[in-house]
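Only this structure's heavy atoms are used, side chains among them; waters, hydrogens and symmetry mates stay out.
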Amino acid sequence: MSASISLTNLVESNKKRSPLGLALRLLDKVVGVSKMNDIYQQHEMAGLSKEDFARRLLSVLNIQVLGGEALQNQIPKTGPLVIASNHPFGGIEGVILCLLIGQVRPDLKVLANQGLKLFPELSDYFIFTNPLSEKDPKNGASIRTSLKHVKQGHALLIFPAGRVSYYQDQKKRISDHKWNRIVAKLVESGQANYLPVFVSGENSRLFYRLGRIYFRLRLFMLARELLNKQNTSIKVSCGTAVKPNNYSTNGDLDELTSLLRAQSYCQDPKWQKAWPADKITRLKPLATEIEWSLIETELDALPREQLLITQKAFEVYFGYQNQLPNTVTEIARLRELVFREHNEGSGEPIDSDSFDATYTQLFVVNRQQKKVIGAYRMGRTDKLLENGGIDQLYLSKMFRFKPEFANLKQPCLELGRSFLIPEYQQSFQGLYLLWRGIGAFVCKYPKYRILYGTVSLSKLYDMRSVAIMKEALVTPTELVAPFAEFDFPLHDELGDFAKNSTLSNHLTPLLACIEKDSKDIPVLVKHYQKMGAIFHCLGIDKSFNDTPGLLLSVDLAKAPEKLLKLYLADGYKQYQDFLV
C-alpha cells in the first residue's frame with residue numbers, strides 16, 4: 001500500500017498549508033486513499049498471504065460473492081487454461097477471481113494492469129503488463145512469461161480490456177474497452193481451454209462522469225470505488241470451458257479476440273431467461289410396443305413400389321395410416337419416446353394427431369432387430385390442398401404463409417416429425433437411410449423439387465443459444481411469419497459482434513460456452529445447411545409443447561451435386577433430366 005501511505009503522508013504534512021492543504025484534503029476525501037489505508041492498517045492486512053489478504057479484504061468490506069461455487073465447478077482441474085473477464089470495477093473483481101480460481105487452480109497467474117500493484121500482498125499472483133498500450137515494448141517479457149505459463153499446462157486469468165469499463169458514447173452504454181489481442185494469442189498459441197467470465201455491476205456515476213472528461217481520472221477513483229462496494233453483493237457468472245479446437249478463425253487474432261469478448265458477455269445474468277413452465281406437467285405411460293408380427297404383416301402386404309430401399313437388414317418404406325394402422329401407431333409411440341428425451345413430448349401415450357391420417361409416412365425398419373428405427377412425416381402439398389384449404393398443412397398452424405411462398409405455388413414436400421430411436425442417434429447410418437428414402441421418393445415423384453419444414457430447437461437448449469441460432473441462421477423474408485414469435489433479442493454486445501462478424505461461422509464456440517453439456521447445433525440443422533437450406537424464420541409450435549422451430553426450405557435443383565448423387569443414387573440422372 002505504498003501509494004496510499006505516500007498520499008496520506010502528503011496530506012498530513014500539508015494540513016496547515018492553505019489552499020494546498022485544503023485541496024489535498026478534498027482530493028483525499030474524493031479518492032478515498034486515506035480511508036483505504038486506515039482499513040489496511042486497522043485490520044493488520046500487511047504481510048498476509050495472498051489468500052488470507054483476499055479473504056480479509058472481502059470480509060472487512062462485507063462483500064458477499066455470489067456465483068463462486070458455480071464458477072469453481074466449471075474450472076478444469078488440469079491442463080492449459082485461459083480465463084478472461086470483463087473489468088467493471090477496476091480492482092475488487094481481480095481479488096474475487098484470484099481467490100475463487102486459485103482454490104481450484106493453485107497454479108494460477110494473472111496477467112494484470114500495473115494498477116493492481118496497489119495490493120502488494122497479491123503480487124505473487126501477477127504478471128504485470130501495460131495493456132493500455134498494446135505496442136509497449138515492455139510488454140514483451142510479460143507476454144512471453146504468460147504464454148510459457150499456459151503452454152506448460154497452467155491457468156492464467158486476464159482482463160483483456162486493460163482498463164475499467166466506461167461509458168461509451170457510440171454505444172450509449174457502459175461496457176468494456178476493446179479487448180487486447182493478447183487473450184487470443186494465449187488461447188490459440190497455448191492451445192488452451194477458454195473459460196469466459198462475467199462480473200456484474202458498475203461503479204459510481206461520478207466515476208463515469210470524470211472518465212468522460214479525461215479517461216485517466218478514472219485511475220484516481222479506484223480506491224474510492226473499492227470502498228463504495230462495502231456491504232454489497234457482487235455476482236460472478238461463467239460459461240462452460242471451450243476447447244481450443246472449437247475455434248475456427250484461421251489465425252485471425254482480431255476475430256478471435258472479438259469472439260472471446262462476446263463469449264464473456266454471453267454470461268451476463270441480465271441476458272439469461274428461463275423457458276416458460278411446461279404446460280404438460282404429467283406424462284402418461286407410453287403405449288405398449290406393437291408386436292413386430294403385426295407390423296411385418298402390414299409391410300408384406302404393401303405394394304412393391306412402396307419399398308424404396310433395401311440395404312442389408314434395413315428397409316425404407318413409405319405408406320399411409322389406412323394401409324399401416326399398427327405400424328403408424330408404433331411410429332407415433334416411438335416419436336413420443338424420443339421427443340420426451342428432448343422435452344418435446346405431448347405427454348400422451350403416443351404422439352399422434354389428425355395429420356397422421358393424411359400425411360405420408362416414410363420410415364426405416366431393421367428386419368433383423370425387428371423394429372422401426374426412424375421416420376419422417378411428409379405432406380404432399382398438392383394432394384393435401386386438393387382436399388381443402390391451407391389448414392390441411394400442419395405448418396399452417398405455426399406460420400402465416402403468403403401466396404408467394406413455395407408451398408402454395410408448386411408441389412412441395414412438407415417434412416416434419418422426424419426421429420431416430422436412441423441407439424441410432426449417434427450414428428450416420430440412420431439419418432443416411434432416411435434421406436436415401438426421401439431421395440428415392442422424389443425420384444419416384446420428381447415433381448417434388450422443394451422440400452420444406454421445421455427443425456425443432458429443443459427447450460433443452462438455453463434460450464440464449466436459440467437466440468444466437470436464430471440470428472445466425474435466419475434470412476429474413478416477408479413471405480412467411482410465425483404466429484407465435486420467439487421474442488428474445490441478442491445481448492447488445494453480442495449484437496455488436498454479429499454486425500462485424502459472420503455469426504454463423506462461430507455457432508459452435510458460442511453454444512459451447514453457454515450449454516452445460518457443450519452441445520452444438522442440432523445434427524439436422526447441420527444436415528440441412530449442407531443441403532443448401534434457406535432458414536426463413538423461427539416460431540413457437542403451440543401444437544408441439546411450445547417448442548421453437550426453424551422453418552427452412554431446400555431446393556433440390558440447387559443442392560450440392562455430391563449430396564444429390566448420394567441420396568438419389570441410381571435415380572440421380574433421371575431426376576436431373578426431369579428438372580431440365
Side-chain angles (χ1 to χ4, degrees), residues 305-306 308 316 318-320 354-362 375-418 434-455 473-483 524-525 527-539 541 549-569 571-580:
E305 62 267 20
Q306 288 181 231
L308 295 169
V316 185
F318 75 93
Y320 304 92
S354 62
F355 294 94
D356 271 335
T358 57
Y359 273 54
T360 304
Q361 310 289 338
L362 183 141
Y376 258 103
R377 190 168 76 176
M378 305 190 303
R380 301 166 70 175
T381 60
D382 54 328
K383 299 293 185 184
L384 294 169
L385 294 174
E386 283 177 1
N387 300 321
I390 186 72
D391 59 354
Q392 299 299 303
L393 305 181
Y394 175 84
L395 288 181
S396 70
K397 300 192 301 178
M398 188 174 175
F399 299 99
R400 185 182 297 107
F401 294 104
K402 288 192 174 180
E404 296 81 9
F405 195 78
N407 61 350
L408 301 182
K409 289 177 60 180
Q410 65 191 88
C412 297
L413 281 183
E414 182 182 286
L415 302 180
R417 283 298 201 271
S418 65
L434 283 173
W435 273 84
R436 278 283 285 114
I438 292 172
F441 186 87
V442 298
C443 286
K444 189 177 291 291
Y445 302 99
K447 61 182 176 180
Y448 297 116
R449 166 178 163 173
I450 304 294
L451 314 179
Y452 80 100
T454 59
V455 176
L473 296 173
V474 168
T475 302
T477 177
E478 296 182 353
L479 299 182
V480 61
F483 286 112
L524 260 184
V525 170
H527 178 74
Y528 283 123
Q529 283 181 312
K530 292 176 182 177
M531 293 291 292
I534 298 174
F535 297 89
H536 302 286
C537 58
L538 188 146
D541 191 343
L550 275 169
L551 178 69
L552 62 95
S553 64
V554 173
D555 186 341
L556 290 177
K558 298 177 181 178
E561 182 181 21
K562 179 180 178 181
L563 290 178
L564 283 182
K565 287 183 175 179
L566 177 66
Y567 297 130
L568 303 185
Y572 171 73
K573 188 177 186 309
Q574 180 183 348
Y575 188 75
Q576 288 294 100
D577 291 342
F578 176 84
L579 293 177
V580 174

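- Side-chain atoms of Q529 and L473, non-hydrogen and from C-beta on, do get closer than 4.5 Å to each other.
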>> Using side-chain contact (heavy atoms from CB on, under 4.5 Å), reason through L451 and I438 one step at a time and then give a plain yes or no.
In response: CA-CA 10 Å; L451 314 179; I438 292 172; 4.2 Å; yes
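- Once rounded to the nearest 0.5 Å, the distance linking OH of Y572 with CG of L563 reads 11.0 Å.
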>> Using ring pair (Phe, Tyr, Trp, His ring centres under 6.0 Å), reason through F405 and H536 one step at a time and then give a plain yes or no.
In response: CA-CA 11 Å; F405 195 78; H536 302 286; 5.2 Å; yes
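- Side-chain contact between Q576 and L568 is absent, with no heavy atoms from C-beta onward closer than 4.5 Å.
- Salt bridge status for D356 with R417: absent, with no side-chain N to carboxylate O gap under 4.0 Å.
- Minimum interatomic distance between C412 and A406 (heavy atoms only, all atoms of both residues): SG-O, 3.4 Å.
- Looking at every heavy atom in both residues, G379 comes nearest to L384 through CA-CD1, 3.7 Å.
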> Should V316 and F441 be marked as a side-chain contact (heavy atoms from CB on, under 4.5 Å) after you check the CA-CA gap, both sets of side-chain angles, and the distance that decides it?
Replying inline: CA-CA 10 Å; V316 185; F441 186 87; over 6 Å; no
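- Atom OG of residue S354 and atom CD of residue Q392 lie 8.5 Å apart, to the nearest 0.5 angstrom.
- D541 CG to T454 OG1: the interatomic distance, rounded to the nearest 0.5 Å, is 6.5 Å.
- Shown here for E404 and K409, the closest heavy-atom pair between the two residues is O-CD, 2.8 Å.
- For E386, the side chain to side chain contact (heavy atoms under 4.5 Å, CB included) partners at least two apart in sequence or on another chain are K383.
- In K530, the NZ atom is not crowded: 12 or fewer heavy atoms of neighbouring residues, nucleotides or ligands sit closer than 6.0 Å.
- Heavy-atom minimum distance, R436 versus Y567: NH1-O, 3.2 Å.
- Atom CG in L408 sits 12.5 Å away from atom NZ in K402 (nearest 0.5 Å).
- Between Y452 and E414, the side chains place a donor N or O and an acceptor N or O closer than 3.5 Å (distance only, hydrogens not considered).
- Within the cation-pi definition used here (under 6.0 Å to the ring centroid, within 45° of the axis), R377 does not qualify as a partner of F355.
- Between K397 and D391, every side-chain heavy-atom pair lies at or beyond the 4.5 Å cut-off.
- For Q574, the CD atom is loosely surrounded, since the number of other residues' heavy atoms within 6.0 Å does not exceed 12.
- The shortest distance between side-chain heavy atoms of D382 and Y448 falls below 4.5 Å.
- Looking at heavy atoms from C-beta onward, L413 lies in side-chain contact with R380 at the 4.5 angstrom threshold.
- A distance of 12.5 Å separates CD1 in I390 from CZ in F399, rounded to the nearest 0.5 Å.
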> What do the steps show when you test L551 against L395 for side-chain contact (heavy atoms from CB on, under 4.5 Å), and what is the final call?
Replying inline: CA-CA 9 Å; L551 178 69; L395 288 181; 4.0 Å; yes
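- Annotation for N407 and L385: closest pair O-CD1, 3.7 Å, computed over non-hydrogen atoms.
- Residues Y376 and W435 have side chains in contact (heavy-atom distance under 4.5 Å, counting atoms from C-beta outward).
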>> Show, in sequence, the C-alpha distance, side-chain angles and deciding distance for V455 and H527, and conclude whether the side-chain contact (heavy atoms from CB on, under 4.5 Å) test is met.
In response: CA-CA 11 Å; V455 176; H527 178 74; over 6 Å; no
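- Closest approach of R449 to D555, counting heavy atoms only: NE-OD1, 2.8 Å.
- The shortest side-chain heavy-atom distance between L556 and Y575 falls under the 4.5 Å cut-off.
- Note that the CD atom of Q306 and the NZ atom of K444 stand 8.5 Å from one another [nearest 0.5 Å].
- Side chains of L415 and L362 form no contact here, defined as non-hydrogen atoms less than 4.5 Å apart.
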